[in-house]
There are 2 protein chains.
Amino acid sequence: MKEATLRDVADLAGVSPRTVSNVVNGYAKVTDVTRHKVEAAIAQLGYRPNVLARHLATGRSGQIVVVVPYLDTPYFSELLQAIIPVARRVGYNVLIDQSDGDREHEGQLIGQASHRSLFDGIIYSPLGLSQDDLSRRDPALPMVVIGERTSTANFDHVGIDDVAASTEAVNHLIGLGRRRIAAIGDQPYPTGEAAQRRTKGFRAAHAAAGLPLDESLIIGTPRFNRLDGATAMESLLRLDNPPDAVFCYSDLVASGAIHTLLHNGLRVPEDVAVIGYDDIEDGRYSRPTISTISPDKAEIARMAVERLVMRIKSREPVPGVDLRAGHRLVARQSTVGDAAG
Amino acid sequence: MKEATLRDVADLAGVSPRTVSNVVNGYAKVTDVTRHKVEAAIAQLGYRPNVLARHLATGRSGQIVVVVPYLDTPYFSELLQAIIPVARRVGYNVLIDQSDGDREHEGQLIGQASHRSLFDGIIYSPLGLSQDDLSRRDPALPMVVIGERTSTANFDHVGIDDVAASTEAVNHLIGLGRRRIAAIGDQPYPTGEAAQRRTKGFRAAHAAAGLPLDESLIIGTPRFNRLDGATAMESLLRLDNPPDAVFCYSDLVASGAIHTLLHNGLRVPEDVAVIGYDDIEDGRYSRPTISTISPDKAEIARMAVERLVMRIKSREPVPGVDLRAGHRLVARQSTVGDAAG
DNA sequence: GTGAAAGCGCTAACAC
DNA sequence: GTGTTAGCGCTTTCAC
């Protein structure tokens with residue numbers, strides 16, 4: 001049996017397609033009595049609008065693309081999982097794209113023309129994409145960037161206050177009486193803005209506490225993986241005067257660092273306290289559980305989607321804004337021990 | 001400047017839209033001279049077909065859904081990464097859905113009606129979905145199942161020969177002189193078919209080698225995660241007579257098991273050899289690198305997509321078939337030590 | 001507030 | 001082999 005069309009509904013309700021469309025989309029004002037008639041007809045026929053036809057008529061595809069560097073990095077997959085339902089709720093499908101940190105790919109996707117009728121907008125969580133790359137994109141393509149860098153006239157940015165969050169993380173360690181605090185994850189080059197903001201917070205906390213800062217305790221890593229954390233921790237342990245606490249720029253890094261610590265017979269947090277960043281699910285179940293900065297992923301997702309949809313629907317150019325989502329520090333075993341429960 | 005339409009091309013080439021459509025889609029035969037004219041016009045106008053319009057006209061959406069239990073499980077994300085480009089190449093977008101092992105969700109998605117014009121077919125990598133659930137689905141929705149269970153009249157199945165692969169894995173361990181071999185990951189309940197096939201191979205290898213099998217060395221786990229592996233390994237180490245090798249039903253499990261072994265001062269592979277399953281990227285970079293059964297993910301992806309597209313395009317009902325992708329054993333450090341390089 | 005009708009850009013009978 | 005033409009189901013000016 002064929003699906004009912006808008007015209008069927010119109011016929012049954014004794015109104016024109018125009019009216020049905022109005023009711024369905026809540027556009028123009030419709031008399032209550034007409035609305036009821038239409039709604040009854042819709043119910044009776046089990047009518048559901050044909051998305052495809054709507055897209056053709058409106059010239060929009062109803063698809064948005066979310067680009068993440070790595071699909072299997074927990075932080076990104078969790079972010080994705082937050083974004084998908086939000087987008088679906090406002091009528092958009094989510095296409096997922098992995099950039100692989102591959103500049104080529106990233107550039108191509110947002111380049112001119114390639115997106116014609118394929119998607120209406122893009123949510124971008126870049127890694128290793130320079131300001132330059134971003135501005136070279138098709139400015140007509142609505143875009144929201146998550147995470148790094150700040151907005152321009154062209155696009156919006158959604159993220160948490162990394163500097164403040166990092167400061168809190170380090171303050172937490174200081175508050176626990178730690179005095180030699182290391183940082184793992186710095187990336188002192190153009191595409192490492194996110195990392196640099198964390199380093200900034202790291203410094204700020206030291207300054208505020210009047211705590212001297214040993215530059216040799218800031219370890220750079222190419223990425224934010226477990227292996228990076230493990231390797232960095234090893235080099236820290238080789239120091240004459242190893243740290244008594246570590247601020248890791250991701251939970252994965254923290255996990256790697258903890259691995260190395262335990263492997264070397266050190267206790268976490270008794271000998272070395274470790275705090276991470278991202279609040280990935282793994283950290284809640286690992287042993288010890290990992291203290292972390294927890295970005296409000298749901299809020300990030302909501303902000304990003306809302307803002308993107310707004311851009312898509314807007315006829316005029318929209319000025320770029322910086323949206324700040326919430327975050328909180330979650331103290332778990334890796335800093336406070338079994339007090340964390 | 002507006003995009004060129006098929007009609008523009010037709011006008012410029014001096015032919016009818018029908019002909020242009022034929023050329024674009026390679027449908028009917030077209031004279032070489034006509035084809036060249038059309039192609040020239042296409043090039044000149046920079047014409048690209050409007051996907052949306054095509055979908056409306058054909059009644060298909062050009063979307064397929066891939067459902068995986070967990071987005072952030074490396075095996076699934078790698079599979080996804082293999083599927084996406086293949087699907088794109090044959091003109092399909094991939095919508096990703098995470099079922100969370102949530103029966104509710106899985107059932108709903110493949111139920112009646114919910115997919116109208118949203119997607120043309122579904123590639124399903126189920127976990128915890130019973131045969132019953134599967135057959136309750138809308139039979140009109142083209143479906144290919146990856147991994148577990150075998151096909152029915154309704155859908156196809158793509159997978160590797162788990163029993164053979166598992167047998168090879170265990171043979172590998174036996175060939176290295178191991179005699180007390182454990183298995184981690186059995187799931188002796190209806191939805192654990194994949195696990196059970198591995199156990200079957202485990203038994204087969206023992207039987208073939210005339211090696212007695214200690215049932216207490218077969219450890220069940222709720223999932224295939226790191227933590228499952230670590231926990232299971234701990235219980236194995238508490239045995240009076242611990243194993244000298246372990247066959248893990250996933251690389252994640254192997255990773256967890258290795259973690260526990262190293263943590264307990266045992267050497268891998270000298271004291272205990274470990275082999276995993278899935279060949280996830282992590283296993284190639286961890287220390288030690290993890291020996292594994294490597295399913296040909298590219299082939300799985302190709303088979304699944306090809307078969308699904310075939311189903312989508314076919315007018316008549318298609319009988320379900322079982323497609324078998326290749327696999328190979330990859331010996332790395334966790335079984336052969338530094339001989340693996 | 002609602003109706004009539006013209007597309008959105010493509011595909012696919014149906015003819016020639 | 002190629003042209004004609006009628007939709008696919010919806011949105012949306014334009015009138016009333």
Side-chain angles (χ1 to χ4, degrees), chain A residues 1-39 41-42 45-63 91 113 115-118 120 312-313 315, chain B residues 1-39 41-42 45-63 91 113 115-118 120 312-313 315:
Chain A
M1 100 150 201
K2 290 200 46 91
E3 286 279 347
T5 74
L6 183 143
R7 165 146 263 117
D8 296 334
V9 175
D11 290 349
L12 179 58
V15 300
S16 82
R18 171 66 153 106
T19 305
V20 178
S21 180
N22 281 343
V23 170
V24 171
N25 297 297
Y27 272 0
K29 277 163 270 271
V30 183
T31 337
D32 265 7
V33 49
T34 320
R35 148 166 292 113
H36 286 318
K37 270 195 304 187
V38 172
E39 281 169 349
I42 288 178
L45 265 46
Y47 166 75
R48 284 169 315 154
N50 181 321
V51 186
L52 256 33
R54 172 176 299 164
H55 291 336
L56 214 217
T58 56
R60 301 215 197 90
S61 71
Q63 317 269 353
H115 59 274
R116 138 130 157 125
S117 84
L118 276 181
D120 302 333
I312 292 173
K313 295 204 167 144
R315 277 262 169 269
Chain B
M1 100 150 200
K2 291 200 46 89
E3 286 278 347
T5 74
L6 182 144
R7 163 145 265 118
D8 296 335
V9 176
D11 290 348
L12 179 59
V15 300
S16 82
R18 171 69 153 104
T19 305
V20 178
S21 180
N22 280 343
V23 170
V24 172
N25 296 296
Y27 271 1
K29 276 162 270 270
V30 182
T31 337
D32 266 6
V33 48
T34 319
R35 147 165 294 113
H36 284 319
K37 268 195 305 189
V38 173
E39 281 170 348
I42 287 178
L45 266 45
Y47 166 75
R48 283 167 316 151
N50 180 322
V51 186
L52 256 31
R54 172 178 300 166
H55 291 335
L56 215 217
T58 55
R60 303 214 196 90
S61 71
Q63 317 270 350
H115 59 274
R116 138 127 156 125
S117 84
L118 277 180
D120 303 332
I312 291 173
K313 296 205 166 145
R315 276 262 168 267

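Here is the naming used below: chain letters follow the sequence lines, and residue numbers restart at 1 for every chain.
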Exercise. Hey, which of these two, Ala57(B) or Thr34(B), hits DNA chain D nearer its 5' end, going by closest nucleotide?
Worked result: Thr34(B)
Seminar exercise, completed: The answer to which of Leu56(A) and Arg7(B) contacts DNA chain D further toward the 5' end, by nearest nucleotide, is Arg7(B)
Problem set entry | Selected nucleotide, minimal atom distance to Pro17(B) side chain, candidates dG3(D), dC10(C), dT4(D) | dT4(D)
Exercise. Side chain of Thr58(B): nearest nucleotide among dT11(C), dT2(D), dG9(D)?
Worked result: dT11(C)
With the side chain counted from C-beta on, respond yes when [X] and [Y] share a heavy-atom pair under 4.5 Å apart, and no when they do not.
X	Y	result
His55(A)	Val51(A)	yes
Leu52(B)	Ser61(A)	yes
Lys37(B)	Thr19(B)	no

Seminar exercise, completed: In short, Lys313(A) meets Arg60(A) closest at the heavy-atom pair CA-NH2, 4.0 Å
Seminar exercise, completed: Looking only at heavy atoms, the pair that brings Ser16(B) and Ala10(B) closest together is C-CB, 3.8 Å
Exercise. Will you find, in the side chains of Arg18(A) and Asn22(A), an N or O donor that is under 3.5 Å from an N or O acceptor?
Worked result: yes
Exercise. Backbone N or O of Thr5(A) within a donor-acceptor pair of the Asp8(A) side chain at under 3.5 Å?
Worked result: yes
Exercise. Counting distance only, does the side-chain N/O of Ser21(B) pair as donor-acceptor with the main-chain N or O of Pro17(B) below 3.5 Å?
Worked result: no
For this session: Scan Val24(B) against the nucleic acid and name what it touches under 4.0 Å (heavy atoms): base, sugar-phosphate only, or nothing.
Result: nothing
For this session: Mind checking Thr31(B) for me? I need base, sugar-phosphate or nothing, with any heavy atom below 4.0 Å counting as a touch.
Result: sugar-phosphate
Whole angstroms only, please: what is the [atom1]-[atom2] distance between [X] and [N]?
X	N	atom1	atom2	result
Arg54(B)	dC8(C)	CZ	C1'	15 Å
Asp8(A)	dC10(D)	CG	C1'	13 Å
His36(A)	dG1(C)	NE2	P	16 Å
Leu6(A)	dA4(C)	CG	P	14 Å
Lys313(A)	dT11(D)	NZ	P	12 Å
Leu52(A)	dT11(C)	CG	P	13 Å
Arg60(B)	dT11(C)	CZ	C1'	11 Å
Asn25(B)	dG9(C)	CG	C1'	13 Å

Exercise. So among Val9(B), Val30(B), Val15(B), which one has a side chain to side chain contact (heavy atoms under 4.5 Å, CB included) with Val23(B)?
Worked result: Val30(B)
Protein and nucleotides 13-16 of chain C: nitrogen or oxygen contacts under 3.5 angstrom:
| from | atom 1 | to | atom 2 | distance (Å) |
| --- | --- | --- | --- | --- |
| dA13(C) | N6 | Arg18(B) | NE | 2.8 |

Exercise. Which angle, to the nearest 10 degrees, lies between the helix axes at the two ends of the helix from dG1(C)-dC16(D) to dC16(C)-dG1(D), each defined by five pairs?
Worked result: 30°
For this session: Can you sort out the partners of Thr31(B) under side-chain hydrogen bond (donor to acceptor under 3.5 Å, both in side chains), two or more places apart, ordered by chain and number?
Result: Thr34(B)
Does a nitrogen or oxygen in the side chain of [X] sit under 4.0 Å from OP1 or OP2 of [N]?
X	N	answer
Asn22(A)	dT2(C)	no
Thr19(B)	dG3(D)	yes
Ser16(A)	dG3(C)	yes
Ser21(B)	dC10(C)	no

